[in-house]
Amino acid sequence: MDLLEYQAKELFRQMGIPVLPSQRIDHPSDLKGLKIPYPIVLKSQVRVGGRGKAGGVRFVENTIDAVAAAQTIFHLPIMGEYPQVLLAEAKYASQQEFYLAVVLDRTIRKPVLLGSIRGGIDAEATLEHIQQVVVDSEFSPFYARRLTVKMGLKDKLIQSVSAIIEAMFKLFSEKDLDLVEINPLGISAKGEVMALDGKVIVNDEALGRHPELAELASKMSNTLPPYMNFVQLDDGNIALACNGMGLTMATLDLVRFAQGKVANFLNLGGELCHDVTPATICERIEKGLELITRDKKVNVVLVNFLCSTISCNLAASAIEHFFKQREESLQQRQLHFVARLVGREFDLAKEHLSALRIPLFQDLEQAVNRAVELAKKA
Amino acid sequence: MDLLEYQAKELFRQMGIPVLPSQRIDHPSDLKGLKIPYPIVLKSQVRVGGRGKAGGVRFVENTIDAVAAAQTIFHLPIMGEYPQVLLAEAKYASQQEFYLAVVLDRTIRKPVLLGSIRGGIDAEATLEHIQQVVVDSEFSPFYARRLTVKMGLKDKLIQSVSAIIEAMFKLFSEKDLDLVEINPLGISAKGEVMALDGKVIVNDEALGRHPELAELASKMSNTLPPYMNFVQLDDGNIALACNGMGLTMATLDLVRFAQGKVANFLNLGGELCHDVTPATICERIEKGLELITRDKKVNVVLVNFLCSTISCNLAASAIEHFFKQREESLQQRQLHFVARLVGREFDLAKEHLSALRIPLFQDLEQAVNRAVELAKKA
Amino acid sequence: MNLKADSKVLIQGIMQPLGTTHAALMKAYGTNIVAGVSPGSGGQTLHEIPVFDLVEQALWHVGAVDASVIFEPPYLVLDAALEAIAAGIRQIAIITEGIPPLDMVRLVRSAETTDTLLLGPNCPGIIIPGKILLGTHPAEFYTPGSVGLISRSSTLTYEIARELTQAGLGQSLGVGLGSDAIMGSSFPQWLQILDEDDKTEVIVLVGEIGGACEEAAARYIAEAIDKPVIAYIAGYHAPKGKTLGHAGAIISSQVADLGADVGTAESKIAAFREAKIPVAERPSEIPELVKKILKKSAHKKK
Amino acid sequence: MNLKADSKVLIQGIMQPLGTTHAALMKAYGTNIVAGVSPGSGGQTLHEIPVFDLVEQALWHVGAVDASVIFEPPYLVLDAALEAIAAGIRQIAIITEGIPPLDMVRLVRSAETTDTLLLGPNCPGIIIPGKILLGTHPAEFYTPGSVGLISRSSTLTYEIARELTQAGLGQSLGVGLGSDAIMGSSFPQWLQILDEDDKTEVIVLVGEIGGACEEAAARYIAEAIDKPVIAYIAGYHAPKGKTLGHAGAIISSQVADLGADVGTAESKIAAFREAKIPVAERPSEIPELVKKILKKSAHKKK
């Protein structure tokens, strides 16, 4: 989960990373109670990048201009996302701008420190000067100093920038983050450092042990548990629900190979949750079907469920339960269901589903072909 | 530095270790604003042990009794120490009382978890049942579970007591403590756990990175830096000031072998502080002499200073400076000085000190013998 | 890897719903489960398996074990695995999903220092058909044979095993590495194991999109693996630029991303083709490719 | 231990007051100091020694070094030592005092894993008279010879060295282990080094009160050391029940204290007597005991 800039900066502040005086603006009228002296910067708080170029960042000199700018920014979508909040922040005179980040490298399975003496919005220049240091063992501050020296820093900047990287790493590891990024880190003429913009990505699986982050997360829209993935595509009329990401991808591929068009797909999740029970699996199937059929473009639903913990019959009864509760509306929409189940009690499942006129297959490709056929007719 | 019970419990509370509702009482009249329901326990907040047997812990049922009991406790010294503060605490019905501790084992150079199912005031019984688990590598909760199983705990107590030990270890390592002890940990009839009394010893050398603990320490009386040690003995008339603990001990031994009696001794500290300079060493000598001559029983001061960073002459000039500033009062007291210095510029030092009629030796035993001789004459 | 039909196996987290379910299935398969561990439940028995509070305690009672399978809740897995390592267990499969990546970083470091074979997390474990099951592979999809199956998926692995079994191709070993960002063991480790395994004649590698471990595996096969390998990658038609599955949870920042193409099915398939490894387009194609290879090598043997 | 007259030595914290003072003295003694490290001061030179920001960087310029001597402020010592270990340095002397014990616990763990010889903290380091000085031993008190001197003290070590030198007894090696609660290396390690050292004929062990390492050393000598050892313990008349010096900073709780007598001079002297090791009562007695032993062994050699 991506935090917004103002949330990231609040974490920076807690860690002792210097940030500018700032104030959260929920409504343009909040600017009348502004405690920061002008001139200020108003920044759209959206998760997507490129807000600067899109006009989501404005410098203003007084309250009248600020309120007008805030109104504009609140009504300006960035890559389709409207801000709910703006950040009003003091201006800062940087002489240099650096890029700093802490991430996990999945291949070497270790955290990596990244730094570039060319921070800011020019990503290409940043990338050209990027340096990295792998944190091989338990972290110690010398890793941070290594990065600063690799970046080419000298004298006092070695220690002041190292101290920022240390604090970033502490944040990264204490809060189980996927990413901590400061871009740019402003360096003043006197050599002081200031985190001017920041990005923090929280690890969804670790949220349970960070209640303060979980609270931020609860304010955001995504309500799916981390083991589920739902992807909405732009066109198509087939909805897919499968269990397991690999199986979902394989099914998606087969539908496309058969010239079918997919409206959306959902991974219902594997069965490796420590507290998974037959009941929770059935619940997931029903909730999943609800989610993928919300899209009115959908004419055909293909369920591909490989039953290991539960029997085919139990999976079928979950489909049945969903179907019966919404029978009328589903018929109105002329929504076709195709099911593919493998595992125990296939015959019982078949009985169940045939009563609902839902074709059930054991063979995956047959199921896919039937779904595509039905979709083409629709 | 030992924390008081109420300070230790405040740390426990921060770590999520359950403690009883309690209130700090600075004056008996504070009991009128008590927010805990009666009956309560009033406990003398002193650093020394044995307060229970000495009458420093009293149960009271109402405000009148509480105020009277508080007055008594405030006026009751425990091993010579008067409490500045009392702790008023709710009562707790324990069915069992355990002992738990986390300490460093200096021989194996690793932290050790200690536990006994016989906690409370009977130290012998506690010791008889004591179990220990060495924390071999980075801490992980299984070490805590190992201790609970060794203690003989079963079922839910394994997890609830492990959780306490985990929190104790976290406190120990985050705050650089020398000791965290809960004695007793009360176990209620329902199997709930409660830290009824606690002891925390803070590591003096780590105080610099724990400002919140340093603040507690600043309220306490000890003003010597950690590298200095001052010990006041019961009788004797010779005061010793030496640099380095080993050298101080060796000098003390020699004085005693020569039948001298020592009033107090001071280790001025070695010279391995990272920021030590000749000026700071001279300062230590002067402050040290000031400290050891406060005791009016002292007739002879023996300085044994092995000069490595500074020259003998510089050490001598520090002695001279101290001496000249207090010449009159020192003469009134008929205080004799004997100095032993080795290192560079001995002859210059000798010149300096002979002007003050302070005998200076290179040989340690000669210096000791002269000091003892002078002390016997006094 | 050192697993035989009679290898002694410990189950950590046996009292968790997932652990309880699969302890029964593993035992039914014939796996020699000697003990379970579940702190606070010591002294009980489950499916006739004695349960202890500590790994140490379990080993006092049943002697050394060959492997531990972990079903503890995600935030307790790191501790359980470290406990197993401290008790001297050197083969560990972590089944549970949802383990924070930084826990895995610490665990991997500990496994490396102690030379522990770590599998998972979020994986179906290991099956040697007809001999032993450590994890959640559904027994009915597998049959003994000579195809070594390595995968990052769980259900997709079962699907492929089922395809092979239905085509009359048994398996020498089925292993799921897990699809999390930080994996306890990697494709090269298991390719090596299968390359050295006498029972295995051909290796099927099933990959997923995301990460770069299939690309690395392709290079490793070209360099170090003698047995024939065929590959299958799901996600050819996955929408680009979306992070999918746990694998996507750890993303590098835009700047850190070294080449945007890495991680796509195209990139992975290209890597396999470059290493001259046949790539199946769909699960049903896998048995055909395996048969072709087996025929070829049978031919050579003559 | 592997130190010769021309061993290459690095100084970490060379810009600290203590480091600056002793870098000059070490260099004046003839120690081959090839580089200094002090983050933020890279590019400068001090006493003609080039200063770098990183250990890694220093080693790029001057090649591998044999040892590092650390004078950094107490809270930066752990990091400096870990940096040295990560750069492959396997002999480290920490001079600085005031290092929190838990930092040492972590450092000792890292030193053990990497087989690093760690000396200190809060110690005067090592001197091989006439050859090399790593630390703060005042050169004027030492002279080359055949007495190996091991101690927990700093100034008391110099005192004993001076007594020996004045009595015409030179030293093969002088080493101070430091008197902190958690020591990087122990008496047995250095007894072993001196036992194997060709130059050393007799070993003088200087102990302090507190802790149990003299008791452990006595047992170790009886079991494993062939060369003659004499011991001296300061603090015979120390008041009981007071914690003295850094050594006393880590106390076990009353209950944890396994026998109240451990740590007193009596306990230590008794341990040496039991191991048949002569114990000097005062510094001036040490040269006498050493001479007696040397005479005896000279007699034997004839």
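- Of the atoms belonging to E128(B), not a single heavy atom falls under 4.5 Å from chain D.
- L102(D) places none of its side-chain heavy atoms less than 4.5 Å from the side chain of E174(B).
- Using a 4.0 Å cut-off between charged side-chain N and carboxylate O, R162(D) and D363(B) make no salt bridge.
- P101(D) places a side-chain heavy atom less than 4.5 Å from the side chain of N203(B).
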**Request:** Decide yes or no on side chain to side chain contact (heavy atoms under 4.5 Å, CB included) for V342(B) and F141(D), but give the supporting numbers first.
**Result:** CA-CA 10 Å; V342(B) 280; F141(D) 298 157; 3.9 Å; yes
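- Side-chain contact between M245(B) and S179(D) is absent, with no heavy-atom pair separated by less than 4.5 Å.
- Of the residues considered (G19(D), P138(D), P73(D)), P73(D) shows the highest number of contacts with chain B, using heavy-atom pairs under 4.5 Å.
- D275(B) is not listed as a side-chain neighbour of L18(D), based on a closest heavy-atom distance of 4.5 Å or more.
- Among L364(B), V368(B), L254(B), the one residue that satisfies the side-chain contact (heavy atoms from CB on, under 4.5 Å) test with R282(D) is L254(B).
- At a 4.5 Å heavy-atom cutoff, the contact between E140(D) and chain B is made by side-chain atoms alone.
- Across G343(B), G244(B), G269(B), S137(B), the residue that shares the most heavy-atom pairs under 4.5 angstrom with chain D is S137(B).
- For the pair D253(B) (side chain) and A234(D) (backbone), a donor-acceptor distance under 3.5 Å is absent.
- In this structure, chain B has a heavy atom under 4.5 Å from the backbone of I99(D), while its side chain stays farther away.
- Contacts between T155(D) and chain B at a heavy-atom distance below 4.5 Å involve backbone atoms as well as side-chain atoms.
- Using a 4.5 Å cut-off between heavy atoms, Q166(D) does not touch chain B at all.
- Within the 4.5 Å cutoff, the side chain of V231(B) has heavy atoms near those of the P239(D) side chain.
- Minimum heavy-atom separation, L272(B) to P124(D): CD1-N, 4.2 Å.
- With contacts defined as side-chain heavy-atom distances shorter than 4.5 Å, the pair M249(B)/I233(D) does not qualify.
- Contacts between H22(D) and chain B at a heavy-atom distance below 4.5 Å involve the side chain alone, from C-beta outward.
- Closest approach of H237(D) and F257(B) over heavy atoms only: NE2-CE2, 3.7 Å.
- For Y236(D) (side chain) and L252(B) (main-chain N/O), no donor-acceptor pair under 3.5 Å exists by modelled atom type.
- Formation of a donor-acceptor pair under 3.5 Å by the S154(D) side chain with backbone atoms of G270(B) is not found in this model.
- Side-chain contact between M104(D) and R109(B) is absent, with no heavy atoms from C-beta onward closer than 4.5 Å.
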